[in-house]
Amino acid sequence: MTSLIRTGISLERDLLERFDRMIEQKGYGSRSEAIRDLVRDHFVEEDVISNKVVVATLTLVYDHHQPKLSEQLIEAQHDYKGQVLATTHVHLDHHTCLEVIILKGRGTEAKVFADHLLCLKGVKHGKLVLTNAGAEE
Ligand code: NI
């Protein structure tokens, strides 16, 4: 972890009050923590846009009785241009599966991969969560 540097910022009163309410709702310990998270989030987005290497989790909830869906999900993972680091599969009930796929690769490719899987017929819900590959921390 790099050393911390103190800085000051100026905000309009109503903006700061709104920010403080958000901090309290989310349970942040301090304004600094909340601002650090926002700044990091911005740079993760930027890493994706500039196509740097990111690590991501793709969560999928799907109906495994949907014809060909299981095969499509497996094929897409084999064809992914980055690395699939791990997958976790949980059988939620008779029809429904939860799968978490952990990816490493170029930001835009991770997005394309996720969008492809999330749009498959039988995928009921899901989300891609991106983070940076950890080099800056
Ligand atoms: Ni299952």
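What you see is a predicted model, and the numbers here were worked out from it, not measured in a lab. Read the numbers this way: they start at 1 and go in the same order the structure lists the ligands and their atoms. Values below: every heavy atom of this structure, side chains too, minus hydrogens, waters and symmetry copies.
Using a 4.5 Å heavy-atom cutoff, the side chains of Leu58 and Leu118 are in contact. Here the side chains of Asn132 and Val55 are not in contact, with every heavy-atom distance at 4.5 Å or above.
The environment of NE2 in His42 is crowded: more than 12 heavy-atom neighbours from other residues, nucleotides or ligands sit within 6.0 Å. Crowding of Lys124 atom NZ: a count of heavy atoms from other residues, nucleotides or ligands under 6.0 Å exceeding 12.
Cluster membership for Val123 and Val90, using ILVMFWY side-chain heavy atoms within less than 4.5 angstrom, is not shared. Linking ILVMFWY side-chain heavy atoms closer than 4.5 Å, directly or via other members, places Tyr28 and Leu15 in a single hydrophobic cluster.
Listed by chain and residue number, the protein N/O/S atoms under 2.8 Å of the Ni ion (ligand 1) are His89 NE2, His91 ND1, Cys97 SG, with waters left out.
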